[in-house]
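See below for the structure under consideration.
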Amino acid sequence: MTQINPMAPVMVTGATGYLAGHVVKQLLEAGHTVHAPVRSPDNADKLKYLNAIAAGTQGQIKYFKADLLDEGSYNEAMAGCELVIHTASPFFLKVKDPQKDLIEPAVNGTRNVLNAVNATDSVKRVVLTSSMAAIYTDNTEIAKKPGGVLTEEFWNETASLTHSPYAFSKKLAEQEAWKMMKAQDRWDLVTINPSFLLGPGISPETQGESYSVMTQFGDGQLATGVPDFRVGVVDVRDVAMAHVRAGFTPAAEGRHITSGYDSGFPEMAKMLRDEFGDKYGIPKSTAPKFLIWLFGPMINAALTRTVVSRNVGVDFKADNSKSVRELGMEYRPMETTLVEHFQDLVDSGRIKAK
Ligand code: NAP
């Protein structure tokens, strides 16, 4: 049982990111003081949305300069914190140098943050943002699991520098965190393992993989047909809440699959079409698998033929019951997430009517 003093500051890494923006927002709304180590604390433009949220709440935010790759750079921000929420990690599906662009910041960054935890006596709990990608690599693995469903007991086994390197980075980073937690007994570790995050960010300038996929549902890129990627979908605001609850629930322990719905791209397109009709370039049909296999690698380097063969049209199934039982999660309807996310892209001018 780990009791966190709500008056102590909470450190959140990656506060400028999509997910962490909501984590920080929820902490500020609950009146906490947030210590936010960011790469560019002097970039007022990048921090204006977080500052506007802070100005409208009882909470306070303080910025510090830190980089996942700079050893010791998190020590100052962590001073006096009992709870550390470590979300920062590069999330790119297309990378030139997976070792340098993904593995090093994810793994060395986690080690760097946890070395600071080891050096900061006040810290009692670390909540780490891992991923479903640390649990499985390809959908073809899922049917072979007991009951054909993913649970917290699994780790991806086939991700590597050349196949799904992002999943590889998330597994290595989470395993490093568990190793460092087990080597001491002052702080404990709780991980949040989300599926694909969707839903509006805290600012109209939010970027990243989640935004880029949602944009493709409306800008006509998938007009010839949506690939039948079968994925877990979860609202970014629900996952932010899971982080806060994981921090302040004394009995929270271990890993937590945070995935609202077992779904897929065709269902997402249908839900969006039901709401927005034909006004935007929302796909109307599903692309045949052989066409994606043939042309995918030319359109997107991450869409290798192995990725297409093992994932397109192959079901995704995950058990989120631990998050419901232990963190009290209630996942908002998927339609709400999709419609609000799409509307955010329309409002910010990134998706235009045909
Ligand atoms: P995001 O918007 O790209 O945020 C990533 C954050 O990490 C940014 O604040 C970025 O800072 C920071 N960062 C990256 N490299 C850094 C470095 N070298 N030093 C310091 N900070 C660095 O991504 P996100 O979608 O919110 O993802 C956040 C976390 O959720 C990641 O751990 C990701 O693996 C995990 N996750 C995401 C999804 C999803 O669908 N989006 C699903 C499961 C898990 P800058 O602003 O300075 O670039």
Side-chain angles (χ1 to χ4, degrees), residues 11-25 36-43 45-50 63-74 77 85-95 100-113 116 126-136 156 159 164-174 176-177 191-203 205-214 229 231-240 242-243 255-260 268 318 337 341:
M11 187 181 108
V12 182
T13 68
T16 47
Y18 172 49
L19 166 63
H22 280 290
V23 175
V24 170
K25 180 171 186 273
V38 292
R39 285 197 266 197
S40 312
D42 300 325
N43 185 340
D45 194 48
K46 199 164 178 184
L47 303 176
K48 65 180 185 247
Y49 297 104
L50 287 169
Y63 301 101
F64 300 81
K65 185 166 176 55
D67 192 302
L68 291 171
L69 299 168
D70 293 344
E71 242 184 278
S73 64
Y74 289 91
I85 302 182
H86 176 36
T87 81
S89 197
F91 178 29
F92 304 113
L93 298 177
K94 262 190 285 182
V95 283
K100 190 165 151 289
D101 300 339
L102 288 173
I103 311 294
E104 286 174 15
V107 179
N108 299 352
T110 297
R111 200 178 292 133
N112 189 6
V113 169
V126 176
V127 176
L128 172 77
T129 315
S130 185
S131 174
M132 284 301 303
I135 291 179
Y136 83 113
N156 79 48
S164 298
Y166 167 70
F168 194 42
S169 78
K170 294 306 285 183
K171 173 175 95 166
L172 295 180
E174 192 192 328
E176 180 66 16
T191 71
I192 299 298
N193 297 71
S195 58
F196 192 47
L197 301 178
L198 291 169
I202 62 154
S203 99
E205 292 171 25
T206 306
Q207 307 272 351
E209 290 291 343
S210 295
Y211 261 72
S212 111
V213 168
M214 185 52 104
F229 275 113
V231 291
V233 173
V234 65
D235 193 290
V236 62
R237 296 159 291 190
D238 292 341
V239 174
H243 282 75
R255 311 174 85 195
H256 298 81
I257 287 179
T258 48
S259 182
M268 287 164 60
T337 302
H341 195 170

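Both ligands and their constituent atoms are indexed starting at 1 by order of listing.
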Taking only residues two or more places apart in sequence, or in another chain, which ones meet D238 in a salt bridge (charged side-chain N to carboxylate O under 4.0 Å, His left out)? R332
Give the protein residues with at least one non-hydrogen atom closer than 4.0 Å to an atom of ligand 1, ordered by chain and number. G14, T16, G17, Y18, L19, R39, K46, D67, L68, Y74, T87, A88, S89, F91, T129, S130, S131, Y166, K170, P194, S195, F196, L197, S210
How about F92: does its CZ atom have over 12 heavy atoms from other parts shown lying under 6.0 Å from it? no
Sequence-distant partners of A66, side-chain contact (heavy atoms from CB on, under 4.5 Å), two or more places apart: P37, S73, Y74
Tell me whether the count of non-hydrogen atoms from other residues, nucleotides or ligands lying under 6.0 Å of NZ in K100 goes above 12. no
Under the rule for ring pair (Phe, Tyr, Trp, His ring centres under 6.0 Å), what residues qualify as partners of Y63, not counting sequence neighbours? none
When you measure from the side chain of N156 to the backbone of A133, do you find a donor-acceptor pair of N or O atoms at a distance under 3.5 Å? yes
